[in-house]
Student: 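This is the structure, below, for whatever I ask next.
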Amino acid sequence: MSDRQTIARGDAHRIQSHPAFACIALVLQGGGALGAYQAGVYEALAEASLQPDWVAGISIGAINAALIAGNAPGTRIEKLRSFWEGITAWPWSSWEERLNPMLLRGDIARQWHHQISAGLALVGGAPGFFSPRMPPPWLSPAGTPEAMSLFDTGPLRRTFERLIDFDRINSAEMRFSVGAVNVSTGNFVYFDNRTHAIGPEHVMASGALPPGFPPIEIEGEYYWDGGLVSNTPLQWVVDSRPALDTLAFQVDLWSAGGELPRTFAEVATRQKEIQYSSRTRAGTNSFKHIQRLRHAMADLLDQLPAPLRDGPEAKLLRDATDRKVYNIVHLIYRAKKHEGHSKDFEFSRASMREHWRAGYHDALRTLRHPEVLQRPTNHEGVFTFDLHSDARE
């Protein structure tokens with residue numbers, strides 16, 4: 001790749017060449033309304049000229065990934081903003097934004113606003129995303145899509161057709177992967193533009209979380225949200241072959257770490273956080289251990305005498321070695337105190353913009369540290385960063 005300058009807004013002192021990695025990957029977790037955080041992260045990365053070579057997503061992460069891969073670099077932020085402003089475009093949105101600074105001050109007021117907004121989404125859906133079924137599913141014939149979900153996601157397909165160029169995704173200019181679960185077999189599958197012709201249905205399948213959304217039919221099989229099995233597509237990226245030196249920005253919407261719940265409502269919140277964080281920290285630590293073994297095996301094979309080095313056993317083991325290097329940069333949304341278990345379906349304009357700003361500023365703070373863009377020098381060839389967790393600015 002040719003050198004590119006990275007300049008973040010308000011950070012003109014930091015100018016450097018393109019990171020020395022063959023692939024920049026953007027890995028996007030599921031999390032519903034929290035997904036605006038990922039849009040903010042992407043905005044900061046784009047301003048720093050860190051355009052991804054590969055986007056992989058689950059659920060709302062799949063939608064954001066499609067908006068990125070399905071548009072030219074110069075229009076991606078515009079299309080992300082159109083999507084997020086569109087699904088929060090209630091008639092009262094403009095009034096809500098004007099009243100926020102005056103009325104929504106303090107955790108109690110914000111908590112009430114949050115709960116009311118989430119309740120309105122359950123009753124009225126989200127514009128251009130999903131709408132409540134009428135009649136409700138229990139009054140619909142068994143076996144029909146109407147009987148299997150609370151909401152109709154037809155509006156989302158129409159939004160995709162307006163905002164996403166699927167021909168561009170299938171051109172493979174950028175690698176694109178979204179995860180879903182086969183309803184009948186329970187098997188996890190990735191729809192990847194290297195192996196599939198991607199259409200709106202593949203992205204919708206990745207975000208078809210039951211019982212809210214109906215399963216999506218693809219080639220005679222039905223699929224649900226990939227978050228039912230794994231909400232983080234990092235493993236798919238790092239296990240891909242052929243391996244590439246990779247700088248991965250992993251954008252999580254659920255934090256595995258948290259406080260002990262004190263109320264029943266907090267129990268529900270903490271349960272969601274643990275379930276949908278998908279043990280990303282444990283997964284990263286496991287990958288580092290595997291890479292240490294792969295590097296050690298490669299070193300050992302190089303030291304074998306020729307007869308052993310050329311034998312069938314050594315050739316089999318060499319296929320499992322890997323000298324590639326990986327930087328895994330964690331960007332994790334940290335929920336505010338007023339946000340409860342409904343934070344993933346609270347589609348107010350105020351919360352959306354707050355999430356977007358949080359992602360943007362978290363990414364800016366992370367990119368101030370030059371080491372996140374430098375190749376690892378340890379034996380396993382893996383550096384991981386969570387600068388927020390490390391209390392670093």
Student: For I60 and L34, what are the C-alpha separation, side-chain angles and deciding distance, and is it a side chain to side chain contact (heavy atoms under 4.5 Å, CB included)?
Tutor: CA-CA 8 Å; I60 196 68; L34 302 175; over 6 Å; no

Student: Heavy atoms, side chains only, cut-off 4.5 Å: are P19 and L50 in contact?
Tutor: yes

Student: Other members of the hydrophobic cluster containing M297, with the 4.5 Å side-chain heavy-atom rule, please.
Tutor: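 Direct or chained contacts put M297 with L301, L304, L308, L317.
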
Student: Taking NZ, NE, NH1 and NH2 as the nitrogens, is one of them in D386 or R334 under 4.0 Å from a carboxylate oxygen of the other?
Tutor: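 Counted as a salt bridge, because a side-chain N and a carboxylate O are separated by less than 4.0 Å.
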
Student: Hey, does the side chain of H330 reach the backbone of V251 with a donor-acceptor pair shorter than 3.5 angstrom?
Tutor: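 No, because the side chain of H330 does not come within donor-acceptor range (under 3.5 Å) of the backbone of V251.
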
Student: Mind listing the closest non-hydrogen atom pair of A248 and L234 along with its distance?
Tutor: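 Shortest heavy-atom separation between A248 and L234 comes out as CB-CD1, 4.4 Å.
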
Student: Taking all non-hydrogen atoms of both residues, which atom of S131 and which atom of P155 are closest, and how far apart?
Tutor: OG-CG, 4.1 Å

Student: Any side-chain heavy-atom pair from T88 and S351 closer than 4.5 angstrom?
Tutor: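 A side-chain contact under 4.5 Å is absent here.
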
Student: Nearest 0.5 Å, please: how far is CG in L80 from CG in N71?
Tutor: 8.0 Å

Student: Specify the closest pair of heavy atoms between S149 and G212, including all atoms of both residues, with the distance to one decimal.
Tutor: CB-O, 3.4 Å

Student: Look up atom CG in L253 and atom OH in Y37, then write down how far apart they are to the nearest 0.5 Å.
Tutor: 8.5 Å

Student: I77, M352: one ILVMFWY side-chain cluster at the under-4.5 Å cut-off?
Tutor: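 Yes: a chain of side-chain contacts under 4.5 Å links I77 to M352.
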
Student: Between M204 and F151, is there a shared hydrophobic cluster once you connect ILVMFWY residues whose side-chain heavy atoms come closer than 4.5 Å?
Tutor: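 M204 clusters together with F151.
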
Student: Check the pair W84, N64 against side-chain hydrogen bond (donor to acceptor under 3.5 Å, both in side chains), reporting the backbone distance first and the verdict last.
Tutor: CA-CA 10 Å; W84 283 101; N64 283 328; 3.0 Å; yes

Student: Strictly distance-based, threshold 3.5 Å: is any side-chain N or O of Q29 a donor or acceptor partner for the main-chain N or O of G31?
Tutor: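 Pair absent, no side-chain N/O of Q29 close to backbone of G31.
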
Student: How many angstroms lie between atom CD of E47 and atom OH of Y360, to the nearest 0.5 angstrom?
Tutor: 3.5 Å

Student: If you take all heavy atoms of R76 and L67, which pair is closest and at what distance?
Tutor: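 Reported closest heavy-atom pair: CG-O, 4.3 Å.
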
Student: Less than 4.5 Å apart, side chain to side chain, heavy atoms only: is that true for T232 and W254?
Tutor: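 In short, these two side chains do not touch, never coming nearer than 4.5 Å.
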
Student: Can you check side chain to side chain contact (heavy atoms under 4.5 Å, CB included) on F383 and Q374, steps first, answer last?
Tutor: CA-CA 9 Å; F383 277 171; Q374 295 170 359; over 6 Å; no

Student: Going through the checks in order, is the salt bridge (Lys or Arg N to Asp or Glu O under 4.0 Å) test met by E85 and R353?
Tutor: CA-CA 9 Å; E85 291 189 348; R353 291 193 169 170; 3.2 Å; yes

Student: Within a strict 4.5 Å, meaning less than it, do heavy atoms of the V238 and K324 side chains meet?
Tutor: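 A side-chain contact is absent here, since even the closest heavy-atom pair is not under 4.5 Å.
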
Student: Does the side chain of F188 reach to within under 4.5 Å of the side chain of L228, using non-hydrogen atoms?
Tutor: no

Student: Determine whether R318 and D302 make a side-chain contact, defined as any pair of heavy atoms from C-beta on separated by less than 4.5 Å.
Tutor: yes

Student: Would you confirm whether N193, through its side chain, and M174, through its main-chain N or O, come within 3.5 Å as a donor-acceptor pair?
Tutor: yes

Student: On a heavy-atom basis, which atom in I169 and which in A66 lie closest, and how many Å separate them?
Tutor: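 Smallest heavy-atom distance, with atoms named: CD1-O, 4.0 Å.
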
Student: Kindly determine whether R357 and E354 satisfy side chain to side chain contact (heavy atoms under 4.5 Å, CB included), including the steps that lead there.
Tutor: CA-CA 5 Å; R357 285 194 300 270; E354 187 174 76; 4.0 Å; yes

Student: Using the side-chain hydrogen bond (donor to acceptor under 3.5 Å, both in side chains) rule, collect all pairs that involve residues 199-225, keeping only residues at least two apart or in two chains.
Tutor: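 For residues 199-225, and leaving out neighbouring residues, the side-chain hydrogen bond (donor to acceptor under 3.5 Å, both in side chains) pairs sorted by first residue read S59-D225, N182-E221, E217-Y222.
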
Student: Measure from the side-chain N and O atoms of D362 to the backbone N and O of V41, and report whether any donor-acceptor pair falls under 3.5 Å.
Tutor: no

Student: Any donor and acceptor pair, going by atom type alone, linking the side chain of S171 with main-chain N or O of R168 inside 3.5 Å?
Tutor: yes

Student: Is it true that, when you exclude H379 itself, more than 12 heavy atoms of the residues, nucleotides or ligands shown sit nearer than 6.0 Å to its NE2?
Tutor: yes

Student: How about V382 and P376: do any of their side-chain heavy atoms sit closer than 4.5 Å?
Tutor: no

Student: If you measure from CG on N285 to OG1 on T384, what distance do you get to the nearest 0.5 Å?
Tutor: 7.0 Å

Student: Tell me whether L244 is reachable from V27 by hopping between hydrophobic residues (I, L, V, M, F, W, Y) whose side-chain heavy atoms are closer than 4.5 Å.
Tutor: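 No, separate clusters.
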
Student: Between E273 and R270, is there a salt bridge with N-O shorter than 4.0 Å?
Tutor: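 Answer for the salt bridge query: yes.
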
Student: Any side-chain to backbone donor/acceptor pair from D245 onto V325? Under 3.5 Å, distance only.
Tutor: yes

Student: Applying side chain to side chain contact (heavy atoms under 4.5 Å, CB included), run through Q51 and I24 and close with a yes or a no.
Tutor: CA-CA 7 Å; Q51 290 290 353; I24 297 177; over 6 Å; no

Student: Side-chain heavy atoms nearer than 4.5 Å, only ILVMFWY residues, links allowed to pass through others: does that put V229 and I58 together?
Tutor: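 V229 clusters together with I58.
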
Student: What is the distance from atom CZ of R375 to atom CG of L247, rounded to the nearest 0.5 Å?
Tutor: 11.0 Å

Student: Considering all heavy atoms of both residues, which atom of K343 and which atom of A335 are nearest to each other, and what is their separation?
Tutor: NZ-CB, 3.3 Å

Student: Mind checking the CD1-CZ spacing from I198 to F166? Nearest 0.5 Å is all I need.
Tutor: 8.5 Å

Student: Measure centre to centre between the rings of F130 and F347, then say whether the value is under 6.0 Å.
Tutor: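 Distance test on ring centres: under 6.0 Å, yes.
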
Student: Quick one: are L156 and I63 in side-chain contact, heavy atoms under 4.5 Å?
Tutor: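 L156 vs I63: side chains touch.
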
Student: Indicate if L209 and L122 have the same hydrophobic cluster label, given that clusters are the connected sets of ILVMFWY residues with side-chain heavy-atom separations under 4.5 angstrom.
Tutor: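 Linked, L209 and L122 end up in one cluster.
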
Student: Taking side-chain hydrogen bond (donor to acceptor under 3.5 Å, both in side chains) as the cut-off, I'd like each qualifying pair that reaches into residues 233-243, sequence neighbours left out, listed once.
Tutor: R175-S240, S177-W236, D192-W236, Q235-D239

